[in-house]
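Each remark here refers to the structure printed beneath this line.
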Amino acid sequence: MYLQDTHVENFASRKKSTAVMVLRVILLLAGIVCVVPLGLYLWPLLIALALFFLAWFAGTRDQIDFDYSYTNGTIDIARVFSKSSRKRYLSFEMSDVIICSPKDSNAIKGYTGRGLKVWDCTSRDPEKKVYAVVFRNQKKDEEIVLMELEDDFLDAMEHASKDVVHR
């Protein structure tokens, strides 16, 4: 009998924020107001360049994707900004998972309202099913991560620890 590695990936893509889009428009308009009537004086030009840079930076950090990866009992979550910059966000072992259940289920209600740190790794789309995973971090404190998991990911989690996954 050969041991096989288990690897499953899911992702959640967060929609662009309306507030950030409005902020970008305000910053661009403020930059134009600094340049157009005041001509090419040094201070208004520097302020306008700073405003244009802030508008660009807000735009590059607006689209966020979360990649969930399950590999042999380890769950890794990466945050991807504008489909170009990938940063490791969170990682934990299945042995540290206390419970994995739909966010609004009775099984998870005992953990809400206790002041636990909550990691929101969802698209924030109300039509998608969100699972809450309660786990112990390296300091043995309990934390909650919200994820949009598909059946293959849940199957892999169940294979590692059947009693903690509730559908």
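- Using a 4.5 Å heavy-atom threshold, the side chains of D104 and V130 count as separate.
- Here D67 pairs with R86 in a salt bridge; the nearest charged N to carboxylate O distance falls below 4.0 Å.
- In this pair, F53 and F57 present their aromatic rings parallel. The plane angle is below 30°, not in the 30 to 60° band.
- Heavy atoms of other residues, nucleotides or ligands lying less than 6.0 angstrom from CZ of R88 number 12 at most.
- Of the inter-residue distances, the one linking T74 atom OG1 with F92 atom CZ reads 10.0 Å to the nearest 0.5 angstrom.
- At a threshold of 4.5 Å between non-hydrogen side-chain atoms, the residues I75 and M157 count as touching.
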Worksheet entry | Stepwise side-chain contact (heavy atoms from CB on, under 4.5 Å) test for F52 and L28 | CA-CA 6 Å; F52 292 143; L28 289 173; 3.6 Å; yes
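- The shortest side-chain heavy-atom distance between K109 and N106 falls under the 4.5 Å cut-off.
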Practice prompt. Let me see the working for L29 and L51 under side-chain contact (heavy atoms from CB on, under 4.5 Å), right down to the final yes or no.
Written response: CA-CA 9 Å; L29 290 176; L51 291 171; over 6 Å; no
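- One distance of note links CZ of F66 with CD of E148; it measures 10.0 Å at 0.5 Å rounding.
- Between the side chain of R79 and the backbone N or O of D65 there is no donor-acceptor pair closer than 3.5 Å.
- Ring pair F153/Y68 is perpendicular by interplanar angle, where above 60° counts as perpendicular and below 30° as parallel.
- The closest side-chain heavy-atom distance from L90 to F135 is below 4.5 Å.
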Worksheet item: Can you list the steps and then say if I98 with E142 is a side-chain contact (heavy atoms from CB on, under 4.5 Å)?
Response: CA-CA 9 Å; I98 300 167; E142 293 177 351; 3.4 Å; yes
Practice prompt. Dump the intermediate steps for side-chain contact (heavy atoms from CB on, under 4.5 Å) on I144 and R114, then the final yes or no.
Written response: CA-CA 11 Å; I144 301 173; R114 289 180 30 194; over 6 Å; no
